[in-house]
Undergrad: 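Just passing along the structure, written as structure tokens.
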Amino acid sequence: MYHPINRAALKADARAAMSESRSNPYITALVFVAVNYLLNYLSMRVFNYDDILPQLYAYLAGAEFSTEELQYLYYRLTEPNFAGQLIDLLISVVQLMLSTGFALFCLYAVRRAANSVGNLLDSFGMFFRILGLSIVTGLFTFLWGLLFVIPGIIAAYSYRQAYYLLLEHPEMSVMDCIRESKEMMRGRKGELFILDLSFLGWSLLTIIPFVSVYVLPYTETTYAGYYVAISTPQGSERQI
């Protein structure tokens with residue numbers, strides 16, 4: 001039997017952790033967002049999408065296109081470019097490492113431990129293990145999703161704590177982190193889903209350029225706090 005998490009208290013603790021953070025979380029988020037923006041721009045340049053971006057934006061905005069124009073866009077988006085795809089894959093891996101580093105920064109904030117912008121690069125020290133965890137969890141989620149959509153979503157929620165476990169317990173193997181995450185999330189998937197829904201409005205705001213600099217520290221610190229709360233034994237400190 002587990003004790004439900006108080007979402008209001010969890011979010012309040014996240015805001016307190018941000019205000020007490022040794023390093024400014026918004027500065028760290030700004031660096032994180034700016035680097036990701038540059039990487040995304042590089043990805044577009046690699047595939048030479050600059051000339052079709054206006055058409056893509058117009059299509060997404062609801063503009064009408066002829067069959068020939070749609071065929072041209074489809075061809076440009078799917079034409080083979082193996083060198084570009086390799087570079088794009090490398091960019092995605094770098095973004096994964098930066099995202100994990102930002103999660104570590106937020107976890108340190110929740111723990112009231114020293115953190116810094118440099119935490120964004122700390123995950124590169126666990127490069128192959130983080131990459132392996134991403135591949136394994138992605139594969140498992142995909143395989144469950146082949147059955148039905150819902151099992152794939154459930155699997156994704158089961159693995160949500162695996163990255164935090166790997167960051168805090170580097171002695172654990174990838175599979176140990178996955179198994180422990182599944183155990184931690186037993187009976188809590190709906191709880192975390194509702195927490196995700198509570199951030200829906202914030203997520204929609206991130207379509208405004210660089211609003212994510214404000215949103216990301218808040219949401220990611222809350223998720224780190226959720227991990228801390230459910231991983232802390234009953235009766236110990238930091239119960240939320």
Undergrad: Can you check whether S66's main-chain N or O pairs, donor with acceptor, with E69's side chain at less than 3.5 Å?
TA: yes

Undergrad: Are the side chain of T221 and the backbone of Y218 linked by a donor-acceptor contact shorter than 3.5 Å?
TA: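 Not at all, since once roles are kept as given, no pair shorter than 3.5 Å links the two residues.
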
Undergrad: Identify whether NZ of Lys or CZ of Arg in R111 sits under 6.0 Å from the centre of the six-membered ring of Y108 and within 45° of that ring's axis.
TA: no

Undergrad: Report yes if the side chains of V213 and I27 come closer than 4.5 Å at any heavy-atom pair, otherwise no.
TA: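 Counting from C-beta outward, V213 and I27 never come under 4.5 Å.
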
Undergrad: So, do W202 and Y214 sit near enough that their side-chain heavy atoms are less than 4.5 Å apart?
TA: yes

Undergrad: Same hydrophobic cluster for I91 and Y37, using side-chain heavy-atom links shorter than 4.5 Å among ILVMFWY?
TA: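 As far as the 4.5 Å side-chain criterion goes, Y37 and I91 are not connected within one cluster.
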
Undergrad: Check whether any side-chain heavy atom of P170 lies under 4.5 Å from a side-chain heavy atom of M126, and answer yes or no.
TA: yes

Undergrad: To the nearest 0.5 Å, what is the distance between CG (L197) and CZ (F193)?
TA: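 Atom-to-atom, L197:CG and F193:CZ are 4.0 Å apart.
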
Undergrad: Tell me, yes or no, whether the heavy-atom count around E20 atom CD, taken from other residues, nucleotides or ligands under 6.0 Å, exceeds 12.
TA: yes

Undergrad: Between R7 and I5 (side chain of the first, backbone of the second, donor and acceptor by atom type, cut-off under 3.5 Å), is there such a pair?
TA: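 No.
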
Undergrad: Check whether any side-chain N or O of D13 sits under 3.5 Å from a backbone N or O of L10 as a donor-acceptor pair, and report yes or no.
TA: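 Side chain of D13 to backbone of L10: no pair is present.
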
Undergrad: Might you work through the ring pair (Phe, Tyr, Trp, His ring centres under 6.0 Å) test for Y223 and F199, ending with a clear yes or no?
TA: CA-CA 11 Å; Y223 288 130; F199 284 125; 5.6 Å; yes

Undergrad: Could you go through the side-chain contact (heavy atoms from CB on, under 4.5 Å) check for M185 and Q161 one step at a time?
TA: CA-CA 8 Å; M185 290 304 298; Q161 310 309 318; 3.6 Å; yes

Undergrad: Do K11 and Y226 meet the cation-pi criteria used here (NZ or CZ under 6.0 Å from the six-membered ring centre, within 45° of the axis)?
TA: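 Judged by the rule, K11 and Y226 form no cation-pi pair.
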
Undergrad: Between T219 and V215 (side chain of the first, backbone of the second, donor and acceptor by atom type, cut-off under 3.5 Å), is there such a pair?
TA: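 Pair found, side chain donor or acceptor close to backbone of V215.
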
Undergrad: K189 and I153: side-chain contact (heavy atoms from CB on, under 4.5 Å), yes or no, with the steps?
TA: CA-CA 10 Å; K189 301 177 190 68; I153 295 175; over 6 Å; no

Undergrad: Using the rule given for side-chain contact (heavy atoms from CB on, under 4.5 Å), can you reason through M184 versus R188, listing the C-alpha separation, both sets of side-chain angles and the distance that settles it, and then say yes or no?
TA: CA-CA 8 Å; M184 291 171 64; R188 291 188 178 274; over 6 Å; no

Undergrad: Please check this pair: side chain of N6 against backbone of A9, looking for a donor-acceptor N/O pair closer than 3.5 Å.
TA: yes

Undergrad: Walk me through whether N36 and F102 qualify under side-chain contact (heavy atoms from CB on, under 4.5 Å).
TA: CA-CA 12 Å; N36 269 287; F102 189 71; over 6 Å; no

Undergrad: Below 3.5 Å, can you tabulate the donor-acceptor pairs from side chains in residues 133-150 to any protein atom, sequence neighbours excluded?
TA:
| unit_1 | atom_1 | unit_2 | atom_2 | d |
| --- | --- | --- | --- | --- |
| T137 | OG1 | L133 | O | 2.7 |
| T137 | OG1 | S134 | O | 3.3 |
| T141 | OG1 | T137 | O | 2.8 |

Undergrad: Rounded to the nearest 0.5 Å, how far does OH of Y164 lie from OG1 of T100?
TA: 9.5 Å

Undergrad: With rounding to the nearest 0.5 angstrom, report the OH to CG distance, Y227 to L192.
TA: 14.5 Å

Undergrad: Roughly how far, to the nearest 0.5 Å, is CG of N40 from CG of D88?
TA: 9.0 Å

Undergrad: Test of understanding: clusters of I, L, V, M, F, W, Y form through side-chain heavy atoms closer than 4.5 Å, transitively. Do L90 and V94 belong to the same one?
TA: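 No.
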
Undergrad: Distance from L131 atom CG to S123 atom OG, nearest 0.5 Å?
TA: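 Output value for this atom pair is 11.0 Å.
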
Undergrad: For the residue pair C106 and P217, what are the closest heavy atoms and their distance?
TA: SG-O, 4.4 Å

Undergrad: For the hydrophobic clusters of this structure (ILVMFWY residues joined by side-chain heavy atoms under 4.5 Å, transitively), does one cluster hold both I194 and I230?
TA: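 Not linked; separate clusters.
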
Undergrad: Hey, what do you get for OH (Y26) to OG (S21), rounding to the nearest 0.5 Å?
TA: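 So the OH of Y26 and the OG of S21 are separated by 10.5 Å.
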
Undergrad: Short question: side chain of T206, backbone of S212 - any donor-acceptor pair under 3.5 Å?
TA: no

Undergrad: Which atom pair, heavy atoms only, marks the closest approach of A17 to R112?
TA: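 That closest heavy-atom pairing would be CB-NH1, 3.4 Å.
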
Undergrad: Hydrophobic clustering (ILVMFWY, side-chain heavy atoms < 4.5 Å, transitive) - are L98 and L89 grouped together?
TA: no

Undergrad: Linking I/L/V/M/F/W/Y whenever any side-chain heavy atoms sit under 4.5 Å apart, do L96 and V35 land together?
TA: yes

Undergrad: Does any non-hydrogen side-chain atom of H169 lie less than 4.5 Å from one of D176?
TA: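 No. Closest side-chain heavy atoms not under 4.5 Å.
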
Undergrad: Can you confirm whether L120 sits close enough to F105 that some side-chain heavy atom of one is under 4.5 Å from a side-chain heavy atom of the other?
TA: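 No - every pair of side-chain heavy atoms lies 4.5 Å or more apart.
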
Undergrad: Is the side chain of S181 donor-acceptor paired with the backbone N or O of I178 at a distance under 3.5 Å, no angle test?
TA: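 Absent.
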
Undergrad: Side chains of N115 and S23 only: does a donor on one sit below 3.5 Å from an acceptor on the other?
TA: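 Note: N115 and S23 side chains miss the donor-acceptor criterion.
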
Undergrad: Between L38 and L42, is there a side-chain heavy-atom distance shorter than 4.5 Å?
TA: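 A side-chain contact is absent here, since even the closest heavy-atom pair is not under 4.5 Å.
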
